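Only this structure's heavy atoms are used, side chains among them; waters, hydrogens and symmetry mates stay out. Please read these numbers as outputs of a predicted model, since none were measured by experiment.
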Amino acid sequence: MTDQSAASFFGDMYPYRNRLRTNAAFPEKGRDPEEVYEELLKMSGEEDKKWETGQVSGTMYHGGKPHYAFLNRVFSLFSYVNLLQRDLCPSGTKFEAEIVSMTAKMLNGDAARAMNDQDEVVGVVTSGGTESIFNGVYVHREWAREEKGITQPEMVVPTTIHPAFDKAAHYLGIKIIHVPVNQNFEADVAAMRKAINRNTIMVCGSAGCYPYGIIDPLKELSDLAQEFKIGMHVDGCLGGFILPWVEKLGYDIPPFDFRLPGVTSMSCDTHKYGYGLKGTSVVLVRNRKLRRYMFFSKADWPGGVYASPTFQGSRSGGLSAATWAAMVTMGESGYLEAARRIMTTADKIRAGIAQIPEIQIMGKSTFLIAMTSNVVDIYHVNDYLASKGWRMNGCQLPAGFHFCITLPQTEPGIAERFIEDLKAGVAYAKNPAQPMPMSGALYGLSGTADGKEILKQGMVAWLEATYEL
Ligand SMILES: Cc1ncc(COP(=O)(O)O)c(C=O)c1O
C-alpha cells in the first residue's frame with residue numbers, strides 16, 4: 001500500500017488523543033458525571049456536524065433531532081432491562097411480537113398464508129442486518145440437514161450480495177458460490193441455476209443490494225428455489241423498510257417479498273429506513289417450523305434452564321422499546337411521507353445526472369443511486385466531492401460510488417447543490433491536481449490476487465488500529 005493510500009485508509013482516527021484524557025486504566029477516583037457528560041457532549045456535537053449538512057450518503061437515516069430525542073427518552077425507560085428475563089419485563093414480549101407482526105404485514109406475510117395454510121410468516125428481532133442474515137442462513141442450514149440430509153451445505157449468491165452472507169457462510173461452515181451479475185448489475189439467474197447442485201441449501205438476492213440499490217430478479221430466483229426445492233433469502237436489510245412505501249407511491253417496483261412463493265426468509269432493518277435506533281433488525285421466515293431451527297435451548301445446565309431465540313444472549317429492552325416506538329409513531333402515513341420525500345429527492349438527482357453526459361447511473365435505481373463514468377476517472381470526481389464535504393460510498397469492480405438518499409438529503413437545496421458539485425467534480429477529473437485519486441488508491445488494489453492480499457492485511461491492520469488508545 002502506498003503512503004497516500006495508507007493515510008486515507010487510517011485517516012485521522014484519533015482526534016481526541018491530545019485533547020482529552022486517555023483512560024488506559026480506571027481513573028483512581030470516579031469522575032464527576034457532569035464533567036464526563038460535558039466531554040461527551042462536545043464529541044457528539046463535533047461528530048453530528050459531519051452529517052447534519054445532509055451531505056452524507058446513507059448512514060443517518062432519519063436525522064430528525066426531535067425524533068432521536070423521543071427515541072432516547074423511550075430507550076432510557078428500559079435501557080437496563082434484560083430481554084432474556086421476560087418475567088421481569090413482559091413489555092419486551094409486547095414490543096417484539098408487535099415489531100415482528102408489523103414488519104410481516106408490511107412485507108405481505110398474509111400472502112404466504114393465502115398460498116398455503118401451513119405457512120405463517122413469523123420472525124424475531126435481532127441486533128442488526130448481519131445478525132438477521134446470519135439467522136436466515138442458519139435456519140436453512142439446519143433445515144437442509146434435518147430434512148434433506150445435506151451435510152456439505154452450499155449457497156448460491158450474486159456477487160453484489162452483502163458480505164454478511166460471506167461472514168455467515170464462514171462462521172457456519174457453508175460453501176458460498178458467488179455468481180457475477182449481468183450487464184444491468186442484477187443477479188444472473190441463468191448463471192445461478194448452473195451453480196446449483198445437490199448440496200445447495202439456498203439461493204439469495206437483494207431488495208436492494210448495497211452497491212447499487214438494485215432489486216435482483218427475485219421472481220425468477222423464487223421460481224428457481226421452488227424448482228430445486230431449496231430455500232431463498234431476500235436481503236431487504238436496506239430496502240425492506242422503504243420499498244413497500246415506494247411501491248405504494250406508484251413507482252414501478254416488482255414483488256420482492258412474501259408474495260413470491262419461493263421466498264423462505266427475509267431480513268429487514270429497523271435501524272435503517274425503519275428509523276429506529278442503531279442495534280435492531282427483523283428476520284422473518286415463511287413458517288413456524290423454520291423459526292424453530294433458529295431457537296436454542298439447554299435443559300441440563302447447572303445455572304438453570306436456558307433458552308434464547310437468536311445468536312445473542314442478554315439484550316437491552318431499551319432498543320426494542322425504541323424501535324417499537326419509532327414504528328408506531330411513524331405509522332403508515334409517516335413511512336409513506338418519508339418515502340415520498342426521499343424519492344422526490346432521488347428523482348431530482350437522477351434528472352440532474354441525466355444532464356451530465358460523463359456520468360452514468362448503474363442499473364435501475366430507486367432510493368440509492370450508483371454512478372460510474374466511461375469518460376473520466378470516477379474516483380477523481382469522488383475526491384472533488386469529498387473536498388466539498390460530501391461523503392459518498394465507494395464502489396469497485398467496476399469503479400464508481402453511490403449516494404444512498406435518506407431524510408437529511410431531502411432538505412431544500414441539497415439535491416441542487418449536489419448536482420452543481422458533481423458537475424464541477426467532472427471538470428476537476430478532466431484536469432486533476434494529482435494523477436492518482438485518493439479514493440481510488442485502495443480500490444485499485446483489489447483487481448489482482450497480490451493486491452487483494454495486501455488490501456486484506458491493510459483492513460486487518462485498520463481493525464487493530466481501531467483498538468489503539
Ligand atoms: C443490503 C444490506 N444487507 C446487509 C447489511 C448489513 O447490515 P448491518 O450493517 O446492520 O449488519 C447492509 C448494511 O448496510 C446492507 O446494506
**Message:** On a heavy-atom basis, which atom in A339 and which in W245 lie closest, and how many Å separate them?
**Reply:** CB-CB, 3.6 Å
**Message:** Minimum heavy-atom separation for T22 and R17, please, with both atom names.
**Reply:** OG1-O, 4.0 Å
**Request:** Take R340 and E337, measure what salt bridge (charged side-chain N to carboxylate O under 4.0 Å, His left out) needs, and give me the verdict at the end.
**Result:** CA-CA 5 Å; R340 191 190 61 71; E337 174 57 14; 2.7 Å; yes
**Prompt:** Would you call H233 and S267 a side-chain contact if the rule is heavy atoms closer than 4.5 Å?
**Reply:** yes
**Request:** Give a yes or no answer on whether the side chain of S265 reaches the backbone of L284 with a donor-acceptor pair at less than 3.5 Å.
**Result:** no
**Item:** Side-chain touch W462/T466, heavy atoms, less than 4.5 angstrom
**Value:** yes
**Neighbour count above 12 (heavy atom, 6.0 Å) for F311 CZ** = no
**Asked** Do R193 and E227 come close enough that some side-chain heavy atom pair is under 4.5 Å?
**Response** yes
**Item:** Side-chain ion pair, R145 and E142, N-O less than 4.0 Å
**Value:** yes
**Request:** Could you tell me whether E420 and K423 have a side-chain N and a carboxylate O separated by less than 4.0 Å?
**Result:** yes
**Between OH on residue Y68 and CG on residue D48, distance to nearest 0.5 Å** = 9.0 Å
**Least distance between heavy atoms, M371 atom then L422 atom** = SD-CD2, 4.1 Å
**Prompt:** Do any N or O atoms from the side chain of Q55 and from the backbone of K388 form a donor-acceptor pair under 3.5 angstrom?
**Reply:** yes
**Message:** Does Y61 form a side chain to side chain donor-acceptor pair (under 3.5 Å) with D269? I'd like the steps, not just the answer.
**Reply:** CA-CA 11 Å; Y61 288 83; D269 285 359; over 6 Å; no
**Item:** Residues E52, K65: salt bridge by 4.0 Å N-O rule
**Value:** yes
**Message:** Can you tell me if E46 has over 12 outside heavy atoms packed within less than 6.0 Å of its CD?
**Reply:** yes
**Item:** Cationic N near anionic O, under 4.0 Å, K248 to E332
**Value:** no
**N/O donor-acceptor pair under 3.5 Å between H380 side chain and P435 backbone** = yes
Run the side-chain donor-acceptor check on residues 163-174: report pairs under 3.5 Å with partners two or more places apart or on a different chain.
{"residue": "D166", "atom": "OD1", "partner": "H178", "partner atom": "NE2", "Å": "3.4"}
{"residue": "D166", "atom": "OD2", "partner": "H178", "partner atom": "NE2", "Å": "2.7"}

**Asked** Between the main-chain N or O of E154 and the side-chain N or O of T200, is there a donor-acceptor pair closer than 3.5 Å?
**Response** no
**Item:** Non-neighbouring partners of Y293 that pass ring-ring contact (aromatic ring centres under 6.0 Å, His included), sequence neighbours left out
**Value:** none
**Message:** Below 30° counts as parallel, above 60° as perpendicular, anything between as tilted: where do the rings of W143 and H140 land?
**Reply:** perpendicular
**Message:** With rounding to the nearest 0.5 angstrom, report the CG to CZ distance, D223 to F228.
**Reply:** 11.5 Å
**Asked** Ignoring hydrogens and geometry, is there a side-chain-to-backbone donor-acceptor pair from N184 to E186 under 3.5 Å?
**Response** no
**Asked** Closest approach of G262 and S222, non-hydrogen atoms and distance?
**Response** N-OG, 2.8 Å
**Prompt:** What's the verdict on side chain to side chain contact (heavy atoms under 4.5 Å, CB included) for K175 and N199, showing C-alpha distance, side-chain angles and the deciding distance?
**Reply:** CA-CA 9 Å; K175 181 174 172 187; N199 284 329; over 6 Å; no
**Message:** So, taking the atom named CE in M60 and the one named OG1 in T406, what distance separates them when rounded to the nearest 0.5 Å?
**Reply:** 8.5 Å
**Asked** Sub-3.5 Å donor-acceptor pair from the side chain of H62 to the main-chain atoms of G64, do we have one?
**Response** yes
**Message:** Please determine whether the number of non-hydrogen atoms from other residues, nucleotides or ligands lying under 6.0 Å from atom CZ of R391 exceeds 12.
**Reply:** no
**Message:** Less than 4.5 Å apart, side chain to side chain, heavy atoms only: is that true for F185 and P398?
**Reply:** yes
**Request:** Measure from the side-chain N and O atoms of Q409 to the backbone N and O of V56, and report whether any donor-acceptor pair falls under 3.5 Å.
**Result:** yes
Side-chain atoms of residues 208-217: list all donor-acceptor pairs with protein atoms under 3.5 Å, sequence neighbours left out, distances to 0.1 Å.
{"residue": "Y210", "atom": "OH", "partner": "N393", "partner atom": "ND2", "Å": "3.4"}
{"residue": "D216", "atom": "OD1", "partner": "A187", "partner atom": "N", "Å": "2.8"}
{"residue": "D216", "atom": "OD2", "partner": "S206", "partner atom": "N", "Å": "2.8"}

**Prompt:** Any side-chain heavy atom of M232 within less than 4.5 Å of one from L218?
**Reply:** yes
**Item:** F75 side chain reached by L319 side chain, heavy atoms, under 4.5 Å
**Value:** yes
**Item:** Y275 backbone acceptor or donor facing H67 side chain under 3.5 Å
**Value:** yes
**Asked** Which distance, rounded to the nearest 0.5 Å, do you find between the CZ of F418 and the OG of S57?
**Response** 9.0 Å
**Item:** Any T103 side-chain heavy atom under 4.5 Å of M327 side chain
**Value:** yes
**Request:** Run the numbers on C268 and M106 for side chain to side chain contact (heavy atoms under 4.5 Å, CB included), then give the verdict.
**Result:** CA-CA 11 Å; C268 189; M106 176 182 71; 4.1 Å; yes
**Fill in**
Of all heavy-atom pairs linking R350 and T366, the shortest is NH1-O, 2.8 Å
**Message:** Going by side-chain contact (heavy atoms from CB on, under 4.5 Å), M155 matches just one of I176, I196, I161. Which one?
**Reply:** I176
**Item:** Distance-only donor-acceptor check, side chains S132 and T126, under 3.5 Å
**Value:** yes
**Message:** Evaluate T280 against T323 for side chain to side chain donor-acceptor pair (under 3.5 Å), listing each step before the verdict.
**Reply:** CA-CA 7 Å; T280 61; T323 298; 2.8 Å; yes
**Asked** Side chains of P309 and E96: closer than 4.5 Å at any heavy-atom pair?
**Response** no
**Distance in Å, K148 NZ paired with I230 CD1, rounded so as to fall on 0.5 Å steps** = 7.0 Å
**Asked** Do any N or O atoms from the side chain of S373 and from the backbone of I378 form a donor-acceptor pair under 3.5 angstrom?
**Response** no
**Prompt:** If you take all heavy atoms of R141 and P153, which pair is closest and at what distance?
**Reply:** CG-CG, 4.0 Å
**Item:** Test: R259 and E247 ion pair at under 4.0 Å
**Value:** yes
**Request:** Tell me whether the centres of the aromatic rings in Y273 and F367 are closer together than 6.0 Å.
**Result:** yes
**Asked** Would V234 and D257 satisfy side chain to side chain contact (heavy atoms under 4.5 Å, CB included), going step by step from the backbone distance to the final call?
**Response** CA-CA 7 Å; V234 174; D257 53 23; over 6 Å; no
**Criterion side chain to side chain contact (heavy atoms under 4.5 Å, CB included) on V263 and F256, from CA distance to verdict** = CA-CA 9 Å; V263 173; F256 56 90; over 6 Å; no
**Message:** To the closest 0.5 Å, what do you measure between CD (E468) and OH (Y14)?
**Reply:** 5.5 Å
**Message:** Counting only heavy atoms not in K278 (residues, nucleotides, ligands), do more than 12 fall under 6.0 Å from its NZ?
**Reply:** yes
